[in-house]
Engineer: 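Mind looking over this structure? Questions follow.
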There are 2 protein chains.
Amino acid sequence: MNDGEGKNCPIFFSLEIFGDKWSLLILRDILHFDKQHYNEFLESDEGISTNILADRLKKLESEGIISKEKDPDNKKQFIYSPTKKCLDLLPIILEIAVWGAKYDPETKAPPEEMAKIRKNRKEYIQDIRAKFQYLDQ
Amino acid sequence: MNDGEGKNCPIFFSLEIFGDKWSLLILRDILHFDKQHYNEFLESDEGISTNILADRLKKLESEGIISKEKDPDNKKQFIYSPTKKCLDLLPIILEIAVWGAKYDPETKAPPEEMAKIRKNRKEYIQDIRAKFQYLDQ
DNA sequence: TTTATTGCTTGCATAATGCAAGTAAAATAT
DNA sequence: ATATTTTACTTGCATTATGCAAGCAATAAA
């Protein structure tokens with residue numbers, strides 16, 4: 001899989017960028033719940049703190065995973081959008097969901113949805129990517 | 001993908017168990033580098049601290065992701081082995097590696113290995129699982 | 001019995017997170 | 001033009017997690 005540990009090990013490289021609970025939850029919110037605004041992330045049930053949210057959004061932006069711009073429909077807000085680099089994180093988010101759904105006896109994951117993922121991951125991912133097609137320009 | 005956030009969201013559920021850098025690195029060491037002993041994990045290039053290592057191994061064990069027993073070949077040491085639950089984390093580890101290899105310009109990931117994964121993830125995972133076949137008893 | 005090894009544990013400093021109040025900038029209302 | 005509201009942070013402080021390095025208990029081996 002990889003030839004060595006440390007700085008340029010692909011896994012370590014990735015984890016240095018997004019290997020913490022809050023970053024991954026933000027990515028979930030963007031990729032699955034279509035959240036785009038600061039206050040939407042703030043409202044997630046896990047209750048992220050404002051300073052942590054600001055910090056993580058800033059980092060994800062500086063890593064080129066999300067972009068931040070004025071919301072055209074509401075100039076008082078910013079929207080945070082996934083980049084291509086972000087969309088490439090979908091398989092990770094999905095696999096984390098699959099594992100969680102399998103091992104949490106009280107999972108909220110809808111069975112039909114999970115079945116759809118397990119049946120054809122590529123197709124499922126493609127459907128989500130299609131949602132963000134406006135990025136391809 | 002999931003129907004809601006918070007406690008029984010499959011992603012949050014997973015992240016509460018292994019959603020931190022150190023846990024994921026330990027899992028990498030187990031699943032890819034075939035490390036089994038405490039001091040082997042300690043030697044990884046990322047330089048985990050003894051207290052963090054002990055803490056994480058303990059948690060992973062209590063979550064049923066690894067098992068701990070006396071090493072039959074060397075009674076002075078414990079071996080930490082992956083459970084089935086651990087093997088089911090392979091897709092996650094793999095996808096993290098794929099993303100990291102793609103976006104790290106200086107990645108150490110061997111191209112042939114990455115190509116093999118991209119070509120057929122299932123087969124690649126099956127090969128790794130075969131390595132741990134002794135678990136099936 | 002003594003020694004060596006192993007896997008932690010501990011004390012302390014530093015860094016990160018969490019809580020809640022505060023604030024600056026910009027858009028909108030008056 | 002000024003006042004108000006909203007948004008996205010920022011800040012101060014308490015708590016928790018991590019990191020460093022020394023220490024130690026248990027166990028196996030000499």
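Residue numbering restarts at 1 for every chain, and letters A, B, ... go by the order of the sequence lines.
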Engineer: Should B:K76 and B:D71 count as an ion pair when the cut-off is N to O under 4.0 Å?
Structural biologist: no
Engineer: Is the closest basic N to carboxylate O distance between B:R118 and B:E113 below 4.0 Å?
Structural biologist: no
Engineer: Is the shortest distance from a Lys or Arg side-chain nitrogen in A:D88 or A:R129 to a carboxylate oxygen in the other one below 4.0 Å?
Structural biologist: yes
Engineer: Below 4.5 Å, heavy atoms only, C-beta onward: do B:I30 and B:L60 meet side chain to side chain?
Structural biologist: no
Engineer: Is a salt bridge present between B:K7 and A:D45, judged by a nitrogen-to-oxygen distance below 4.0 Å?
Structural biologist: no
Engineer: Counting only heavy atoms not in A:K116 (residues, nucleotides, ligands), do more than 12 fall under 6.0 Å from its NZ?
Structural biologist: no
Engineer: Starting at atom CD1 of A:I79, determine the distance to atom P of D:dT7, rounded to an integer number of angstrom.
Structural biologist: 15 Å
Engineer: Take atom CZ of B:F78 and atom P of D:dA28, then tell me their distance rounded to the nearest Å.
Structural biologist: 9 Å
Engineer: Less than 6.0 angstrom from the centroid, inside 45 degrees of the normal: does A:K70 satisfy that with respect to the ring of A:F78?
Structural biologist: yes
Engineer: For B:Y80 and for B:K76, locate the closest nucleotide of DNA chain C by heavy-atom distance; then report the residue assigned to the nucleotide nearer the 5' terminus.
Structural biologist: B:K76
Engineer: Taking only side-chain nitrogens and oxygens of A:K68, does any of them come within less than 4.0 Å of OP1 or OP2 of D:dT7?
Structural biologist: no
Engineer: Please list, by residue number, the residues of residues 49-60 of chain A whose heavy atoms come closer than 4.0 Å to an atom of DNA chain C; answer none if no residue qualifies.
Structural biologist: A:S49, A:T50, A:N51, A:I52, A:R56
Engineer: Rounded to the Å, how far apart are A:E43 CD and D:dT7 C1'?
Structural biologist: 13 Å
Engineer: At a heavy-atom distance below 4.0 Å, which nucleotide of DNA chain C is the first touched by chain A, and which is the last?
Structural biologist: C:dT17 to C:dT28
Engineer: What is the distance from NZ of A:K35 to P of D:dA8, rounded to the nearest Å?
Structural biologist: 14 Å
Engineer: From CH2 of B:W22 over to P of D:dT18, roughly how many Å is that when rounded to an integer?
Structural biologist: 10 Å
Engineer: Using a strict cut-off of less than 4.0 Å between a Lys/Arg side-chain nitrogen and an Asp/Glu carboxylate oxygen, indicate whether B:K35 and A:E5 qualify as a salt bridge.
Structural biologist: yes
Engineer: Identify whether A:L53 and A:I79 are in the same connected component of the hydrophobic contact network (ILVMFWY, side-chain heavy atoms under 4.5 Å).
Structural biologist: no
Engineer: Within this structure, what is the CZ-to-P distance between B:F41 and D:dG19, rounded to whole angstrom?
Structural biologist: 17 Å
Engineer: Could you give the CD1-to-C1' distance, from A:I66 to D:dA8, as a whole number of Å?
Structural biologist: 13 Å
Engineer: Just the rounded figure in Å: distance from P of D:dT18 to CG of B:D20.
Structural biologist: 7 Å
